[in-house]
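See structure below.
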Amino acid sequence: MTTAGIKLRKLSRSESKGLLWGLFFISPWLLGFLGFTLYPLIASGYYSLTRYDLIREPVFLGFKNYINLFTNDPHFWNVMYNTLFYVGFSVPLGIGAAFLIATLLNSKIVGRSFFRGIIYIPSIVPAVCSAMVWLFLLNIQYGAINAIITSLGFQAIPFLSNPTLAKPSLVVVSMWTQGAAVVIFLAALQDVPRSLYEAATVDGANAWQKFRNVTIPMTTPVILFNLIMGFIGAFQEFTVPWLLTQGGPMNSTEFFAIHLYRNAFIYLRMGKASALAWIMFSIIVVFTLILFRTSARWVYYGGEE
Amino acid sequence: MSTKTLTATTDVITFRKQSPFKRAGSELLKYSALFFITFIFAFPLFWMVTSALKSDPQIYTLPPIWIPIPAHFYNFMDGWTRLDFTTMAINSVFRYTIPVVLGTVLSSTFVAYGFAKVKWPGRDAVFFICMLTMMLPWQVTMVPLFITFKNLGWINSYRPLVVPSFFGSAYFIFLLRQFFKSIPEELSDAARIDGASELGILIRIILPLARPALAVVALFTFIWSWNNYLGPLIYINQDHLFPLALGIQRLNRIATSMGTSGNAYPHLMAVSTIIALPIIIAFFLAQRTFIEGISLTGIKG
């Protein structure tokens with residue numbers, strides 16, 4: 001209170017009037033930040049140091065949850081492997097495919113917005129609905145994909161019930177919802193100045209050289225953006241894997257977010273779940289920082305020194 | 001597939017130098033690649049709709065039936081009444097989607113104005129914190145928020161999902177702030193000289209100009225809440241409160257246990273179609289808003 005008073009006195013009248021209006025306008029966010037972000041953030045840090053089942057009071061354990069997870073947990077490293085597998089394949093493949101599709105859409109074609117619409121729609125359709133369709137399509141007994149495979153004389157493929165195939169199947173399903181990335185890439189490609197291509201043509205560059213030396217450098221900021229958003233999203237992916245495989249078969253699709261949900265709301269291990277959440281948060285922060293750091297070497301911000 | 005795509009596009013850039021024959025070839029390659037990709041993206045949803053129109057033997061027939069004749073339109077009615085989907089639709093629309101859209105649009109507009117158009121000391125630092133909150137995975141705040149809402153007695157109500165939306169969403173605050181900043185300062189200054197208050201400027205000058213941006217916010221919020229599965233899964237476990245997203249999963253369990261009997265799968269596909277339809281219709285009605293919204297801010301749908 002007093003410090004605010006001192007600060008206010010130092011401000012000119014118009015400045016303090018601005019401050020009051022400013023705080024007035026942002027007050028919903030400020031209250032929400034304190035109540036729905038800052039408090040839960042601190043509380044989850046505390047819970048991660050306890051054993052808490054919602055019924056009895058939290059028991060303080062120190063770092064035992066973390067130590068147990070890293071050294072003495074039968075599932076943790078498997079969950080980590082599953083998640084890294086999923087993220088490591090779905091993000092680069094999804095972004096690479098999105099970029100190529102966007103390049104194709106950016107060439108001289110008739111009906112661009114039709115194609116773009118069809119590719120974009122799967123990414124906004126309710127995940128529950130698309131999960132139902134994929135469950136049905138990939139079903140081993142009466143799924144359409146296996147119907148085609150068996151009618152060609154091959155064995156039916158247990159896409160979701162085989163521990164080796166379940167993760168790749170989920171990667172394929174995730175690539176189907178890359179439409180938003182396609183739209184973002186397409187917008188970026190359309191922003192590349194035509195004069196650059198003309199200059200490259202004058203210099204005798206062929207199509208591949210133009211793609212390599214004009215298109216890609218000019219879109220690197222958007223590639224970085226999509227990489228970061230894709231990574232954060234894939235790391236937290238819950239709904240579609242949960243509905244398709246519920247972590248199975250044999251825990252092969254037990255991803256981080258699923259494992260966390262299971263611990264919190266099925267086993268009611270709030271302390272362990274909070275520790276998992278903080279580990280996830282740390283991984284995301286570290287990875288994002290690494291990407292930003294290395295981005296100075298490969299991201300080109302046009303015109304900036 | 002990918003290399004094919006690449007050659008197709010790059011060839012086209014240089015088509016002027018090529019013979020007409022080669023040019024026609026590359027055009028053919030380009031459009032075949034496009035149709036192939038479009039087919040892959042469209043097929044699952046196409047299959048959802050045609051399966052919704054089949055009856056039990058048709059749906060498993062080999063080779064697969066592409067377009068069922070006769071079409072069994074009554075699957076939509078039968079699937080819909082198999083569980084109380086009417087109540088769930090009312091829950092989804094009136095208890096969840098509409099309040100969340102209202103709350104998000106109102107609060108985010110208000111906050112964005114404070115960050116974009118009012119000058120005050122410390123504004124940029126506070127805005128930076130607001131942007132940082134976007135990095136925070138929802139899992140970190142999930143457990144304490146659940147405990148808080150449980151202590152408030154809010155489990156099995158839509159309050160945990162609706163109330164936070166009235167406190168602004170960082171994504172949309174960012175989006176609206178960018179938009180407000182593009183509105184010339186002279187307009188607000190002129191109004192200030194005429195004695196308008198900041199609130200008056202927001203309501204009379206900024207809001208009428210910001211309608212396209214508000215449409216983007218409303219549209220994306222509608223989609224997020226309509227599609228949200230995890231939030232209701234955590235907070236709602238009484239059947240009569242279910243939103244559609246939870247109901248469809250219940251129907252899936254019935255289908256899994258019934259397998260090839262009782263038209264369970266056609267019904268599941270029919271109800272999935274009905275639930276996806278508002279989103280698809282919204283897309284076709286507001287395609288421009290969608291595309292501009294995503295490409296401007298990079299927000300994913």
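Lettering of chains follows the sequences in order, A, B, ..., and the numbering in each one begins at 1. Just so it is clear, the structure is predicted and the values come from calculations on it, not from any experiment.
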Q.
Heavy-atom pairs under 4.5 Å with chain B - which of A:Leu243, A:Asp191, A:Leu41 has more of them than the others?
A. A:Leu243
Q. If you tally heavy-atom pairs under 4.5 Å against chain A, which of B:Ile234, B:Leu268, B:Ile248, B:Leu244 wins?
A. B:Ile234
Q: Let me know if B:Phe127 has heavy atoms under 4.5 Å from chain A in its side chain, its backbone, both or neither.
A: neither
Q. Top residue by heavy-atom pair count (under 4.5 Å) with chain A, among B:Gly114, B:Ser197, B:Ser107, B:Cys130?
A. B:Cys130
Q. Between B:Phe110 and chain A, which part of the residue has a heavy atom less than 4.5 Å away: side chain, backbone, both or neither?
A. both
Q.
One pair to check against ring-ring contact (aromatic ring centres under 6.0 Å, His included): A:Phe115 and B:Phe35. What are the steps and the verdict?
A. CA-CA 8 Å; A:Phe115 292 115; B:Phe35 277 106; 5.3 Å; yes
Q: Give, as side chain, backbone, both or neither, the part of A:Ile119 having an atom under 4.5 angstrom from any heavy atom of chain B.
A: both
Q: Below 4.5 Å from any heavy atom of chain A, which atoms of B:Thr133 appear? Answer side chain, backbone, both or neither.
A: side chain
**Q.** Candidate pair B:Phe41 and A:Trp176, rule side-chain contact (heavy atoms from CB on, under 4.5 Å), full reasoning
**A.** CA-CA 6 Å; B:Phe41 274 86; A:Trp176 181 66; 4.1 Å; yes
Q.
Given heavy-atom pairs under 4.5 angstrom as the criterion, report whether the side chain, backbone, both or neither of B:Val271 touches chain A.
A. neither
Q: Measure distances from B:Leu277 to the heavy atoms of chain A and classify the residue's part below 4.5 Å as side chain, backbone, both or neither.
A: neither
Q: Heavy-atom pairs under 4.5 Å with chain A are the metric here; pick the option from B:Ala245, B:Ala255, B:Pro278 that has the most.
A: B:Ala245
**Q.** Top of A:Pro40, A:Gly32, A:Ala277 for chain B proximity - count of heavy-atom pairs under 4.5 angstrom
**A.** A:Pro40
(Q) Show the nearest heavy-atom pair for residues B:Ile275 and A:Pro126, with the distance to one decimal. (A) O-CG, 4.0 Å
Q) For chain B, which of A:Leu38, A:Ile26, A:Val128 has the most heavy-atom pairs under 4.5 Å? A) A:Ile26
Q) Does B:Arg192 pair with B:Glu198 as a salt bridge, N-O distance under 4.0 Å? A) yes
(Q) Just so I understand: if I count every heavy-atom pair under 4.5 Å between each of A:Leu30, A:Asn139, A:Ile109, A:Thr37 and chain B, which residue has the most? (A) A:Ile109
Q | CA sep, side-chain torsions, deciding dist, call: B:Phe220, B:Phe172, side-chain contact (heavy atoms from CB on, under 4.5 Å) | A | CA-CA 9 Å; B:Phe220 279 106; B:Phe172 296 129; 3.8 Å; yes
Q: Tell me, for B:Phe166 versus chain A, whether the close heavy atoms (under 4.5 Å) come from the side chain, the backbone, both or neither.
A: backbone
Q: Over 60° means perpendicular and under 30° means parallel, so classify the ring planes of A:Phe36 and B:Phe149, tilted if in between.
A: tilted
Q | Proximity breakdown for B:Val111 and chain A, heavy-atom pairs closer than 4.5 Å | A | both
Q: Side chain from CB out, backbone as N, CA, C, O: work out which of these in B:Met269 comes under 4.5 Å of a heavy atom of chain A, or both, or neither.
A: side chain
Q | B:Leu136, part contacting chain A, at a heavy-atom distance under 4.5 Å | A | both
(Q) Which one wins on heavy-atom pair count under 4.5 Å against chain A: B:Ala42, B:Pro121, B:Ala282? (A) B:Pro121
Q: Measure B:Ser51 against the heavy atoms of chain A and call it side chain, backbone, both or neither at under 4.5 Å.
A: side chain
(Q) I'd like to know if the side chain of A:Asn206 reaches the main chain of A:Gln209, judged simply by a donor and an acceptor atom lying under 3.5 Å from each other, with no hydrogens or angles considered. (A) yes
Q. What part of B:Leu199 is in contact with chain A, defined as an atom under 4.5 angstrom from a non-hydrogen atom: side chain, backbone, both or neither?
A. both
Q | Residue, of B:Phe283, B:Trp138, B:Phe284, that accumulates the most heavy atom pairs under 4.5 Å with chain A | A | B:Phe283
Q. Which bit of B:Leu34 comes within less than 4.5 Å of chain A, counting heavy atoms only: side chain, backbone, both or neither?
A. both
Q.
As an exercise: rank A:Met175, A:Lys17, A:Met270 by heavy-atom pairs under 4.5 Å with chain B and give me the winner.
A. A:Met270
Q) Does some side-chain heavy atom of B:Tyr113 sit less than 4.5 Å from a side-chain heavy atom of B:Leu176? A) no
**Q.** Region of B:Ser169 in contact with chain A, defined by heavy-atom distances below 4.5 Å
**A.** neither
Q) Which value, rounded to the nearest 0.5 Å, describes the distance between A:Leu105 atom CG and A:Ser113 atom OG? A) 10.0 Å
Q) Is the backbone N or O of A:Ile228 less than 3.5 Å from a side-chain atom of A:Thr288, with the two atoms forming a donor-acceptor pair by type? A) no
Q) Got a donor-acceptor contact below 3.5 angstrom from the A:Thr239 side chain to the B:Tyr229 backbone? A) no
Q: Quick one: sort the A:Tyr47 and A:Tyr52 rings into parallel, tilted or perpendicular, breaks at 30° and 60°.
A: parallel
Q. Atom OG1 of A:Thr50 and atom CG of A:Asp53: how far apart are they, to the nearest 0.5 Å?
A. 10.0 Å
**Q.** Enclosure of A:Phe292 CZ (heavy-atom neighbours >12, cutoff 6.0 Å)
**A.** no
**Q.** Greatest number of heavy atom pairs closer than 4.5 Å to chain B - which of A:Trp134, A:Trp278, A:Tyr46, A:Tyr261
**A.** A:Tyr261
